[in-house]
Amino acid sequence: MKYNLTIIISHYNPNLKKNPLNKTIDTIIEQNYNQNIEIIIADDGSLYSKNILENYSEKKNIPDDDRLIYISKNEKLEAFLDKQNIKSNLITKWVYLPKTVPCMSKAKVLNYSMKYAESNNLFFLDDDNYLISENTIIDLLNLFKSYDFIIGQIKDSNGRLRSYSSNRVQGTTIGIKKYILENIGGFGEWTEKYSCGIDSDFWIKIFNYYKENTDLKACYTNKIKTFD
């Protein structure tokens with residue numbers, strides 16, 4: 001694989017003025033690391049991204065769907081990022097699904113983004129979950145040497161760190177080996193019909209996978225923290 005780590009950021013920004021993605025990317029750039037990583041943006045139809053439709057690198061048909069997935073990369077991606085004043089040479093692909101249907105297509109966009117990931121180690125963030133742990137990248141890659149599934153800790157708007165005993169289902173700040181995510185069938189695209197349930201679907205799949213593969217190693221760690 002080309003990279004040591006692929007960070008996939010789920011993104012949807014209906015507000016043209018304020019983009020939470022910028023801060024999340026900045027906190028990745030500011031990390032103290034010397035590693036070969038990439039960022040893929042999984043965009044579920046943000047309005048400001050629509051010009052990707054006229055200036056994309058490639059597009060993919062979606063089975064049993066009239067829509068197309070658009071992928072921006074290389075020079076066209078650089079031009080798009082420059083126009084949007086998003087400064088990061090870590091972003092290698094921008095995967096975009098136009099919101100022509102009024103629903104949440106997060107799972108579908110994430111699954112296509114996973115296919116384009118050029119690392120066996122995947123780390124998932126939402127665009128408003130920025131890093132607050134100082135050595136996230138180094139710690140994450142060290143943990144991937146021993147674990148297949150890594151759940152980071154989230155701090156809420158009241159400054160409280162979510163404990164393991166909270167039993168909360170989370171869909172962000174998660175590291176997982178790519179082959180495991182492929183083996184469980186990725187994220188549940190059926191959730192598109194209801195615009196909810198993607199996190200629960202993912203955890204149920206992981207639980208069922210573990211029942212058949214008890215050698216899977218997982219951890220919940222405070223070395224990886226984000227603010228929600």
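Across all non-hydrogen atoms, the minimal contact from Thr214 to Lys211 is CG2-O, 4.0 Å. Here the shortest heavy-atom pairing between Ser195 and Met104 reads OG-N, 2.9 Å. Residues Thr221 and Lys223 come closest through the heavy atom pair OG1-N, 2.9 Å.
With sequence neighbours left out, the ring-ring contact (aromatic ring centres under 6.0 Å, His included) criterion links Tyr210 to no other residue. For Tyr3, the ring-ring contact (aromatic ring centres under 6.0 Å, His included) test picks out no residue, with sequence neighbours left out. Residues that satisfy the ring-ring contact (aromatic ring centres under 6.0 Å, His included) test with Tyr112, not counting sequence neighbours, are absent from this structure.
In this structure, CG on Leu122 lies 7.5 Å from CD1 on Ile176, to the nearest 0.5 angstrom. Atom CD1 of residue Ile151 and atom CZ of residue Phe149 lie 4.0 Å apart, to the nearest 0.5 angstrom. Note: Leu125 CG to Leu131 CG = 6.0 Å, rounded to the nearest 0.5 Å. Put simply, CD1 on Ile37 and CD1 on Ile137 are 4.5 Å apart, with the number rounded to the nearest 0.5 Å. If you take CG on Leu216 and CD1 on Ile206, they are separated by 6.5 Å, rounding to the nearest 0.5 Å. Distance check, rounded to the nearest 0.5 Å: OG of Ser10 to CD1 of Ile40 gives 11.5 Å.
Contact of the Ile62 side chain with the Leu68 side chain is not registered, since no non-hydrogen atoms from C-beta on lie closer than 4.5 Å. Put simply, the side chain of Thr92 does not reach to within 4.5 Å of the side chain of Leu90, judged on heavy atoms. Put simply, the side chain of Ile91 reaches to within 4.5 Å of the side chain of Leu81, judged on heavy atoms. Inter-residue side-chain proximity for Ile150 and Phe144 is flagged as met; some heavy-atom pair is nearer than 4.5 Å. Within the 4.5 Å cutoff, no side-chain heavy atoms of Tyr130 are placed close to those of Thr226. In this structure, Ile86 and Trp94 have side chains that are in contact, with non-hydrogen atoms separated by less than 4.5 Å. Contact of the Met114 side chain with the Leu181 side chain is registered, since non-hydrogen atoms from C-beta on lie closer than 4.5 Å. In this structure, Lys106 and Asp126 have side chains that are in contact, with non-hydrogen atoms separated by less than 4.5 Å.
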Inset, instruction - Kindly determine whether Ile8 and Ile39 satisfy side-chain contact (heavy atoms from CB on, under 4.5 Å), including the steps that lead there. - result: CA-CA 6 Å; Ile8 299 178; Ile39 296 173; over 6 Å; no
Inset, instruction - Any chance you could lay out the side-chain contact (heavy atoms from CB on, under 4.5 Å) test for Tyr12 and Leu97, step after step, and finish with the verdict? - result: CA-CA 10 Å; Tyr12 174 62; Leu97 177 62; over 6 Å; no
Inset, instruction - Let me see the working for Lys23 and Asp128 under salt bridge (Lys or Arg N to Asp or Glu O under 4.0 Å), right down to the final yes or no. - result: CA-CA 8 Å; Lys23 184 167 186 175; Asp128 58 351; over 6 Å; no
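In Asp64, the CG atom is not crowded: 12 or fewer heavy atoms of neighbouring residues, nucleotides or ligands sit closer than 6.0 Å. Summarising the local packing, NZ of Lys178 is surrounded by more than 12 heavy atoms from other residues, nucleotides or ligands at distances under 6.0 Å. Applying the 6.0 Å contact sphere to CG of Asp156 captures more than 12 heavy atoms from other residues, nucleotides or ligands. The number of heavy-atom neighbours closer than 6.0 Å to NZ of Lys155, taken from other residues, nucleotides and ligands shown, is 12 or below. By the 6.0 Å contact criterion, OH on Tyr220 is enclosed, its count of non-hydrogen atoms from other residues, nucleotides or ligands being greater than 12.
By the criterion of side-chain heavy atoms lying less than 4.5 angstrom apart, applied directly or through intervening Ile, Leu, Val, Met, Phe, Trp or Tyr residues, Ile7 is grouped together with Tyr147 in one hydrophobic cluster. Hydrophobic clustering, with ILVMFWY side chains joined whenever heavy atoms are under 4.5 angstrom apart, keeps Ile132 apart from Ile224. A chain of hydrophobic side-chain contacts below 4.5 Å, direct or via other Ile, Leu, Val, Met, Phe, Trp or Tyr residues, connects Tyr96 to Ile41. Tracing side-chain contacts under 4.5 Å through hydrophobic residues (I, L, V, M, F, W, Y), one never reaches Val101 starting from Ile69; they form parts of separate clusters. Residues Phe202 and Phe124 share a single hydrophobic cluster, defined by chaining ILVMFWY side chains whose heavy atoms lie under 4.5 Å apart.
For the residue pair Ser133/Thr136, the side-chain donor-acceptor check at 3.5 Å is satisfied. A donor atom on one side chain and an acceptor atom on the other are found under 3.5 Å apart for Arg67 and Ser105. A donor and an acceptor atom, one from each side chain of Lys177 and Asn120, are nowhere located under 3.5 Å apart.
Shown are Leu141, Thr6, Ile9, Leu140; of these, the side chain to side chain contact (heavy atoms under 4.5 Å, CB included) with Phe123 is made only by Leu140.
With salt bridges taken as basic N to acidic carboxylate O contacts below 4.0 Å, one links Asp82 and Lys87. Taking the charged nitrogens against the carboxylate oxygens, Glu38 and Lys2 have no contact shorter than 4.0 Å, which rules out a salt bridge. Between Asp44 and Lys99 there is a salt bridge, since a side-chain N of the basic residue sits under 4.0 Å from a carboxylate O of the acidic one.
A side-chain donor-acceptor contact under 3.5 Å links Gln153 to the backbone of Arg162. For Asp199 (side chain) and Gln170 (main-chain N/O), no donor-acceptor pair under 3.5 Å exists by modelled atom type. Using a distance-only test at 3.5 Å, with no hydrogens or angles considered, a donor-acceptor pair links the side chain of Asn213 to the main chain of Tyr209. Looking at Asn13, its side chain never comes within 3.5 Å of a backbone N or O of Leu21 through a donor-acceptor pair. For Ser166 (side chain) and Ser163 (main-chain N/O), a donor-acceptor pair under 3.5 Å exists by modelled atom type.
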Donor-acceptor list for residues 70-80 side chains, cut-off 3.5 Å, not counting sequence neighbours:
unit_1: Ser72; atom_1: OG; unit_2: Leu77; atom_2: N; d: 3.3
unit_1: Lys73; atom_1: NZ; unit_2: Glu58; atom_2: OE2; d: 2.6
unit_1: Lys76; atom_1: NZ; unit_2: Tyr56; atom_2: O; d: 3.1

Would you be so kind as to tabulate the donor-acceptor pairs closer than 3.5 Å made by side chains of residues 47-55, with sequence neighbours excluded?
unit_1: Tyr48; atom_1: OH; unit_2: His11; atom_2: NE2; d: 2.7
unit_1: Tyr48; atom_1: OH; unit_2: Asn19; atom_2: ND2; d: 3.0
unit_1: Ser49; atom_1: OG; unit_2: Asp43; atom_2: OD2; d: 2.6

Which donor-acceptor pairs under 3.5 Å do the side chains of residues 182-190 make with protein atoms, sequence neighbours left out?
unit_1: Asn183; atom_1: ND2; unit_2: Tyr179; atom_2: O; d: 3.2
unit_1: Glu189; atom_1: OE2; unit_2: Asn111; atom_2: ND2; d: 2.9
unit_1: Trp190; atom_1: NE1; unit_2: Asp201; atom_2: OD1; d: 2.7

